[in-house]
Amino acid sequence: GIQGLDLLGRKVLLDRGRALGVLVARIHATAERARSLGGEAYAARLLAMTDRLIEVTQSVADGGGEPEAFAEATAYLEATGHLVIAWLWLEQWVTAHGQEGAFYDGKRAATDYFFTRELPKAGIALDLVATRDGLTTHLDPAVL
């Protein structure tokens, strides 16, 4: 929990999101390289999730520190982690492009697995952050 609060409440929102902007620029560069090598589908999925992260982050920033947004900081951390790992797998896919052998086949297979099985989980986590439903912040201590 504390790592999620630190990421969302301090690191990402610090200096008007400059650090997140640096990450996003690197993600876009990798996506462009992947597109040039025939990895349009991977690039599209990664960029769509990146856009969703930016959208949710901006919503939290605009909320001015609402407890409901920060109550889901762990979900934000999980989503960001999945996005970063997907980006790193795409970097490996780009490196493995045109290479032959089991090692490179494994990199391509792992990239496919992560993009189809794991990256979608980031969207679910970001949806939790975006809803700000107050489920955990409006609990009545008398019923716990």
Side-chain angles (χ1 to χ4, degrees), residues 1-139 144:
I2 192 71
Q3 288 84 8
L5 287 169
D6 183 52
L7 176 66
L8 180 56
R10 291 182 20 185
K11 302 243 176 4
V12 169
L13 298 179
L14 180 71
D15 199 19
R16 297 183 182 207
R18 189 179 68 77
L20 182 60
V22 170
L23 173 65
V24 167
R26 293 186 71 184
I27 289 171
H28 277 264
T30 299
E32 287 306 313
R33 286 196 318 276
R35 277 188 178 139
S36 73
L37 298 171
E40 293 90 358
Y42 293 133
R45 288 182 206 159
L46 185 63
L47 292 176
M49 196 61 70
T50 301
D51 289 346
R52 181 73 173 125
L53 178 73
I54 293 167
E55 173 189 313
V56 170
T57 303
Q58 187 61 54
S59 174
V60 170
D62 292 345
E66 294 175 307
E68 291 80 13
F70 288 101
E72 300 300 341
T74 298
Y76 185 88
L77 175 71
E78 291 170 357
T80 305
H82 272 68
L83 178 68
V84 168
I85 297 299
W87 164 54
L88 294 174
W89 274 117
L90 190 56
E91 279 283 346
Q92 292 188 47
W93 182 90
V94 167
T95 301
H97 183 75
Q99 302 294 324
E100 294 182 20
F103 176 78
Y104 298 106
D105 291 344
K107 297 294 184 186
R108 288 185 284 271
T111 300
D112 197 43
Y113 176 86
F114 200 87
F115 271 73
T116 59
R117 302 293 194 277
E118 296 297 323
L119 184 57
K121 295 175 184 178
I124 295 167
L126 289 171
D127 289 347
L128 283 174
V129 179
T131 60
R132 296 188 204 161
D133 62 8
L135 179 64
T136 58
T137 56
H138 298 140
L139 289 172
L144 296 177

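Looking at Thr116 and Arg45, their side chains come closer than 4.5 Å, going by heavy atoms from C-beta outward. By the 4.5 Å heavy-atom criterion applied to side chains, Leu119 and Met49 are counted as neighbours. Contact annotation: the side chain of Arg35 approaches that of Leu47 to within less than 4.5 Å [non-hydrogen atoms, C-beta and beyond]. Looking only at side-chain heavy atoms (C-beta outward), Thr57 and Leu13 come within less than 4.5 Å of each other. Counting heavy atoms from C-beta on, the side chains of Leu83 and Leu46 come closer than 4.5 Å.
To the nearest 0.5 angstrom, Thr131 atom OG1 is 11.0 Å from Leu126 atom CG. Once rounded to the nearest 0.5 Å, the distance linking CG of Leu23 with CG of Leu53 reads 8.0 Å. Taken from OG1 in Thr50 to CG in Leu20, the straight-line distance is 9.0 Å, to the nearest 0.5 Å. For the atom pair CG (Leu88) and CZ (Arg26), the distance works out to 9.0 Å, reported to the nearest 0.5 Å. To the nearest 0.5 Å, atom CH2 of residue Trp87 and atom CD of residue Gln92 are 11.5 Å apart. Between the NE2 atom in His82 and the CG atom in Leu77 there is a gap of 10.5 Å [rounded to 0.5 Å].
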Kindly determine whether Glu72 and Arg132 satisfy salt bridge (Lys or Arg N to Asp or Glu O under 4.0 Å), including the steps that lead there.
CA-CA 8 Å; Glu72 300 300 341; Arg132 296 188 204 161; over 6 Å; no

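Minimum heavy-atom separation, Leu5 to Phe70: CD2-O, 3.5 Å. A pairwise comparison of heavy atoms in Ala75 and Val129 identifies CB-CG2, 4.0 Å as the closest pair. When all heavy atoms are compared, the tightest approach of Ala79 to Ala122 is CB-O, 3.6 Å. The minimum heavy-atom distance linking Ala96 with Arg108 is given by the pair O-NH1, 2.7 Å.
In this view, Glu55 and Arg52 satisfy the side chain to side chain donor-acceptor pair (under 3.5 Å) rule, not counting sequence neighbours. Tyr42 meets the ring-ring contact (aromatic ring centres under 6.0 Å, His included) test with Trp93, Phe115; sequence neighbours excluded.
At distances below 3.5 Å, at least one donor-acceptor pair connects side-chain atoms of Thr111 with backbone N or O atoms of Trp89.
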